[in-house]
Amino acid sequence: MAPEQLPARVTMPLLTLITQQSLDEDYLHVAERRGRGQLPSSRTRPHRTAAVVVAVFGILVTTAAVQTAQDADENRASRNTLVSRVQDRRATVSQLQDRIVELREEDQLATEDLARLTDTALDAQARLRRLQVSTGYLPLQGEGVRLTLENPEAGANEIRDIDLQKAANGLWLAGAEAIAINGQRLTAVSAIRNSGVVVNVNSVPISAPYVVTAIGDSRTLLARFQETASGSGLINVAQALGFSYRQETAPSVKIPAARRRTLLSAEELSREPRAETEEGTP
């Protein structure tokens with residue numbers, strides 16, 4: 001068979017045949033639907049549909065663009081807010097670090113002040129203790145010694161104020177912390193004196209036997225007492241005049257607080273009787 005006698009579908013290229021048949025079938029299908037009244041015959045409907053599609057697409061594009069712009073603005077605002085917060089936090093941290101340094105310096109100064117105040121308080125307490133002891137403000141108890149003096153059984157050589165003054169002065173010089181005679185605490189304002197034949201301590205009459213109690217180092221107090229002029233003088237007087245003298249150490253002795261004294265004015269003091277001798281004080 002001659003080529004011109006072959007059908008077109010044989011001689012036509014395959015791609016062209018497929019495209020043409022597909023388009024012909026589409027047109028045929030559309031024509032059949034239009035013939036049955038299933039498709040509008042107006043040519044304006046595709047244009048309207050295209051316009052609607054374009055409009056919708058435009059709206060979508062516009063919405064997307066607006067939304068993108070808003071998101072970008074929000075992102076920029078969020079970023080700026082975060083940057084501002086970070087800067088604020090850094091400034092706060094820097095201020096807190098500076099405050100920590102200041103507080104450490106203040107703490108160091110306060111610690112040094114506390115140490116100085118503690119030392120001052122300890123010194124004040126020590127001075128107060130010494131004053132309380134020397135003024136007889138507090139009763140005391142501790143190791144110490146006792147000296148006991150008794151009048152001779154016969155004779156006029158009775159113990160006098162000067163003998164008790166020697167005992168007290170010798171014990172003070174030997175290092176006694178506190179002294180009492182027959183329970184009367186000796187202080188810086190104490191007086192040992194005779195009123196006739198009666199010995200008075202702190203203006204209180206006492207009688208023999210006279211017990212002189214002292215708080216101090218019991219290992220050395222008596223030895224040091226005997227080495228003092230007052231101590232050795234008392235021992236010599238006791239031997240010469242014949243009155244009894246005994247000394248002993250004690251692991252624990254008690255000395256009462258001094259009697260409270262009322263402060264007197266100069267006029268009242270001028271009316272006070274003058275003491276013959278006022279020794280026996282620390």
Side-chain angles (χ1 to χ4, degrees), residues 130-153 155-259 261 273-282:
R130 290 193 295 268
L131 287 173
Q132 289 174 336
V133 171
S134 63
T135 58
Y137 184 79
L138 295 176
L140 296 178
Q141 181 175 358
E143 63 174 321
V145 299
R146 290 190 187 91
L147 307 181
T148 304
L149 292 78
E150 294 188 48
N151 290 321
E153 295 181 359
N157 296 325
E158 294 185 350
I159 299 171
R160 297 181 57 82
D161 53 5
I162 191 172
D163 302 318
L164 297 180
Q165 291 166 14
K166 290 180 183 297
N169 289 337
L171 289 172
W172 286 128
L173 292 173
E177 297 178 8
I179 301 174
I181 301 178
N182 284 24
Q184 291 297 316
R185 178 78 169 267
L186 300 184
T187 66
V189 294
S190 295
I192 303 173
R193 65 191 183 191
N194 265 87
S195 177
V197 294
V198 178
V199 178
N200 295 272
V201 177
N202 295 330
S203 300
V204 176
I206 60 175
S207 59
Y210 304 106
V211 180
V212 183
T213 306
I215 290 179
D217 189 349
S218 60
R219 297 169 299 177
T220 60
L221 192 56
L222 286 178
R224 291 180 178 178
F225 170 74
Q226 295 173 4
E227 293 174 355
T228 64
S230 297
S232 60
L234 175 62
I235 295 173
N236 292 334
V237 169
Q239 293 175 351
L241 299 181
F243 58 78
S244 173
Y245 168 80
R246 297 192 307 274
Q247 61 183 28
E248 60 181 337
T249 60
S252 178
V253 294
K254 294 182 180 181
I255 295 183
R259 187 178 55 142
R261 298 175 62 91
R274 296 181 62 86
E276 296 178 5
T277 307
E278 293 189 356
E279 298 183 24
T281 58

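All values derive from a computational prediction rather than experimental measurement.
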Kindly list each side-chain donor-acceptor pair under 3.5 angstrom involving residues 141-149, sequence neighbours excluded, with atom names and distances?
| residue | atom | partner | partner atom | Å |
| --- | --- | --- | --- | --- |
| Q141 | NE2 | S252 | OG | 3.0 |
| E143 | OE1 | S218 | N | 3.4 |
| E143 | OE1 | S218 | OG | 2.6 |

I want to check something: taking the side chain as every heavy atom from C-beta on, are R185 and L140 in contact at a cut-off of under 4.5 Å? yes
Does the N182 side chain pair with the main chain of V212, one donor and one acceptor, at a distance under 3.5 Å? no
What is the distance from atom CZ of R224 to atom CG of L171, rounded to the nearest 0.5 Å? 12.5 Å
I would like to know whether Q226 and Q247 meet side chain to side chain contact (heavy atoms under 4.5 Å, CB included); could you show each step before the answer? CA-CA 11 Å; Q226 295 173 4; Q247 61 183 28; 2.4 Å; yes
I'd like to check I181 versus L186 (side-chain heavy atoms, cut-off strictly below 4.5 Å). Are they in contact? yes
Between I255 and A180, the two heavy atoms sitting closest are CG2-CB, 3.9 Å
More than 12 foreign heavy atoms under 6.0 Å from OH of Y245: is that the case here? yes
What pair of heavy atoms forms the shortest contact from I179 to A168, and how long is it? CD1-O, 3.6 Å
Has T228 got a side-chain atom pairing as donor or acceptor with G231's backbone, closer than 3.5 angstrom? yes
Heavy-atom closest pair (N169 atom, S230 atom, distance to 0.1 Å) is CB-OG, 3.7 Å
Kindly compute the distance separating OG (S190) from CD (Q184), expressed to the nearest 0.5 Å. 8.5 Å
Walk me through it: do L164 and I206 pass the test side chain to side chain contact (heavy atoms under 4.5 Å, CB included)? CA-CA 11 Å; L164 297 180; I206 60 175; 4.3 Å; yes
Could you tell me if the side chain of T249 sits less than 4.5 Å from the side chain of L222, heavy atoms only? yes
Measure from the side-chain N and O atoms of D163 to the backbone N and O of I159, and report whether any donor-acceptor pair falls under 3.5 Å. no
Within residues 236-247 or reaching into it, pairs that qualify as salt bridge (charged side-chain N to carboxylate O under 4.0 Å, His left out) - sequence neighbours excluded: E150-R246
The criterion is side-chain contact (heavy atoms from CB on, under 4.5 Å); which residues satisfy it with P139, sequence neighbours excluded? A257
Suppose the criterion is salt bridge (charged side-chain N to carboxylate O under 4.0 Å, His left out): which pairs have a residue in residues 207-222, not counting sequence neighbours? D217-R219
According to side-chain contact (heavy atoms from CB on, under 4.5 Å), who are the partners of A208, at least two apart in sequence or on a separate chain? N151, Y210
The criterion is side-chain contact (heavy atoms from CB on, under 4.5 Å); which residues satisfy it with L138, sequence neighbours excluded? R129, Q132
Do Y137 and T187 have side chains that get closer than 4.5 Å, going by heavy atoms? no
Of the non-hydrogen atoms in P256 and G183, which two are nearest, and what is the gap between them? CG-O, 3.2 Å
Closest heavy-atom pair, A214 versus V253, reported as atoms and distance to 0.1 Å, is O-CG2, 3.9 Å
With rounding to the nearest 0.5 angstrom, report the CD to CG distance, E158 to N194. 9.5 Å
Verify, without hydrogens or angle tests, whether D161 (side chain) and V199 (backbone) share a donor-acceptor contact under 3.5 angstrom. no
